[in-house]
Amino acid sequence: MRALLCLGLLLVGAAATGVAAGPPAGGYPAWLENDRADKRFYRRGAYNFAVYGLKPLARDLNGVAVGHALAYEDLVTGKAAGLETRTYARIRAILANPPALMPDEAALSPTFGRRYGVLEQVFDWTHVLHAQTMDVLLSRKLSQAEKDREMVRLWEFYQRAPYAVTGLPLSMAYLDAQPYSGAFRRKYPKVNGLFWGYHWLQGTMYDAFYRVPPAEHAAGYALVGRRYHDVELHRTDRPFMPMAAETSPRFAQRFPEIANAFDNLHMLHDLVNDILATETFTEARRQEEIRRAIWLVSAAAHRGEQPVDAAEPASADPWHDHRHFAGMPGMGMMTGMTRDLMWMPEMGWMHMGDCHHCTMPLWEGKDAWRNPTVSAEGWSMRVRCALCARDMAAETKGSAILRLPTEDPDQLLIVYSDEQGNLRSSSPGALFLEEEASHAGCEHWSRAFTGRPAFDAFVAANPAFKTARPLTFTEWAERAGEKPDTYTKPVGPSANPYAGAEGRR
Amino acid sequence: MTRARKSAITLGLALAVAAAGPVGAVDHNNLDSGRPLKVEDAESIAFGEQALEVGLGLGLPRRRPLGLGLHAEYLNGLALNTHLSVGFEPRVGGRAGESDTRADFGDVSLGVFHNFNRETEKRPALAARADVVFPTGRHARGVGVRLRGIVSRHADQYGRLHLNADLFANPGAARGERQFVPGLTLGYSRPLGYPRHFDSTVVVEASVAGASARGAGPTATLGIGYRRQVTPRSVLDVGLQSDVAGGGPRDRLRLIFGYSTAF
């Protein structure tokens, strides 16, 4: 009776969410039903395994692989009842002391692999993209320009496999409204928290190292890693999985396809978790739903489609809604949000194309590198000027990392803020311009420079600042600006777009 | 001992010791023939992958001096689920069934390995390989062909069984030697250290291989080996084999050290 009731609810849910996506007219493509191994080697490059130059991160990522695999294996070998207790404890022990070398996930979850082999191919291949993009960012052998070029090549290489995940923004609102959505997080909140903690790390690490000088990698990861272990792995209060653009907006702006692919991969994890946690499904139904979930996020299913930068979706089918947030091509639409306004639990409503401190438009296009970022409390935000970054960090609890562009796109100035708000930088020779005025022009009057020649050159080219005195890092760090005159708090369509989401299901 | 007999023995040893070539990506839990035992699993290396696998074998044949052999193989994953291999086996010192202890370049083999399917819930992983063995060794005669069928499937949650069925054909074999020599190897592999360590695999095997000389009985061999991941793309292995019974030439003990790397 209970099973029938659940089945009925699922069918109603499917109808309500317009779940029409399924096999194409001629059936699924052959790769989606193959029983071949079809292993592909990663792209060759001098940067491969550069992550091992930053051992704490390498070990944490190795732990992520174990965590994924052990949970999946226990889920499919009759140990689901102990997932929140025994499995959780086992995974936590490994995450606290992760392996030095990346384990083979397929060997850790052999039962899962035999049962869902194509899914494993999708996971593995996109995890290779994760690993190689991180190696590129951490490489000490490539210049910044070479890294940018290699990132594009890696994306092209990744797409050659038939089981690649699409780089288009997908509607997370739609994908997370499947009849079974939410089952895993409701039933296994602690293990789901681990999964979302892994995905937080896999998102956050991109801005932690993108264009960041190698000398700063260890110090930056000391903060990120601490946050990961102390907070993010324990969280069970997230309304949704961490998104790439929420944790690495600079990277997501520059490489939106890669950011979208990672979000879509992580959503595939959520879909699969929910399918496996839905007890009313028979094994045959699970196989079918997992096949369909892969198809939903696959590149093959969206071939020829384009991202949409418009208020209205180009397609009435929510599965093919490829809108992204205004100002952020690397993020698909989320539940209850609009193209112009995105919501985060810690920040409320915001416009992703505006500075989160002064509400003025961020740099765009080829100048997007000029946007500083602030990472704190588990999020990363782009702002418009050095003052906005400093003051936003000061207004935030806990430690923070500020990434301030200078006059040289390849010379990012990294500033760390401790729990008390004290700032330090490993580039003490940096100078600052800060002639505070209306934030309508803050991108001009608040800037960081690598040194005196760059400061003088800027002043010479901008006579309005000819009387400006360069500030040393210490002088600049002690300052605090006025509340931006341009700041307006965006008002969204609801107080919390996730409120009642559980009820709707 | 006739040259023909020595040639046949050389080829027989190729079957018994090197038997086919490595397989699988360079990872501790992928089993490659010769690294360190005879048994191999049914997985090919990845498309686009290249690997170099080198092993040093120390043999203690009955009533012969100590012998040293190198087994080196280059693999190229030229297509999905398929790789090519080139191998050679120089050696020096004593070996079972031969009085010659001079250095010998050994035979060169050229092989192709193809995996038909991965293991699913319904069927095991299946693969086949074929190697052409060129008689470049000191006493070798005739071009041989080595065929191997491979089946791999799980035995328990983490352990796997591997069955390798071999047939070595040498139409140019001398009189008194068999033109067809069969062999069968059963192996079991299991990762060690779960859930604390994820870098080691132990493998055991039992095999029976026909003797190349007509009238001689088959040789039974037991082996135990260990593979350990030492870097993200390299594995060290160590193995011990002993020909425990049989009517053909036998090694009391073979100690093998190997190294594999992918690039």
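Predicted model, so just to flag it, every value in this text is computed and none were measured. The analysis underlying the following values was restricted to heavy atoms, covering all of them including side chains, and did not include hydrogens, waters or symmetry mates. Lettering follows sequence order; numbering is per chain, from 1.
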Exercise for review: Could you check A/T77 against B/Q157 for side-chain contact (heavy atoms from CB on, under 4.5 Å), going step by step and ending with a plain yes or no?
Suggested key: CA-CA 9 Å; A/T77 51; B/Q157 186 174 10; 3.9 Å; yes
Check your understanding: Under the side-chain contact (heavy atoms from CB on, under 4.5 Å) criterion, do A/D104 and B/F198 qualify, and how do the steps go?
Key -> CA-CA 8 Å; A/D104 178 2; B/F198 309 92; over 6 Å; no
Check your understanding: Around A/H127, counting heavy atoms of other residues, nucleotides and ligands shown, do more than 12 lie under 6.0 Å from its NE2?
Key -> yes
Exercise for review: Step through the shown structure and confirm whether more than 12 heavy atoms of other residues, nucleotides or ligands are within 6.0 Å of NZ on A/K55.
Suggested key: no
Practice item. For residues B/Y158 and A/L70, report the shortest heavy-atom separation together with the two atoms involved. Key: OH-CD2, 4.5 Å
Practice item. Check each atom of B/N29 against the heavy atoms of chain A and say whether the ones under 4.5 Å are side chain, backbone, both or neither. Key: side chain
Check your understanding: Checking A/R44 side chain against B/F263 main chain: does a donor-acceptor pair fall under 3.5 Å?
Key -> yes
Check your understanding: Is any NZ, NE, NH1 or NH2 atom of the basic residue among B/E121 and A/R115 found under 4.0 Å from an Asp or Glu carboxylate oxygen of the other?
Key -> yes
Point to revise | Basic-acidic side-chain contact under 4.0 Å: A/D38, B/R118 | key: no
Check your understanding: Non-hydrogen atoms of chain A under 4.5 Å away: do they reach the side chain of B/R160, the backbone, both or neither?
Key -> neither
Check your understanding: Do any of residues 229-240 of chain B come closer than 4.5 Å to chain A, heavy atom to heavy atom, and if so which ones, in number order?
Key -> B/Q229, B/V230, B/T231, B/P232, B/R233
Point to revise | Heavy-atom contact with chain A under 4.5 Å, split by part of B/P195 | key: both
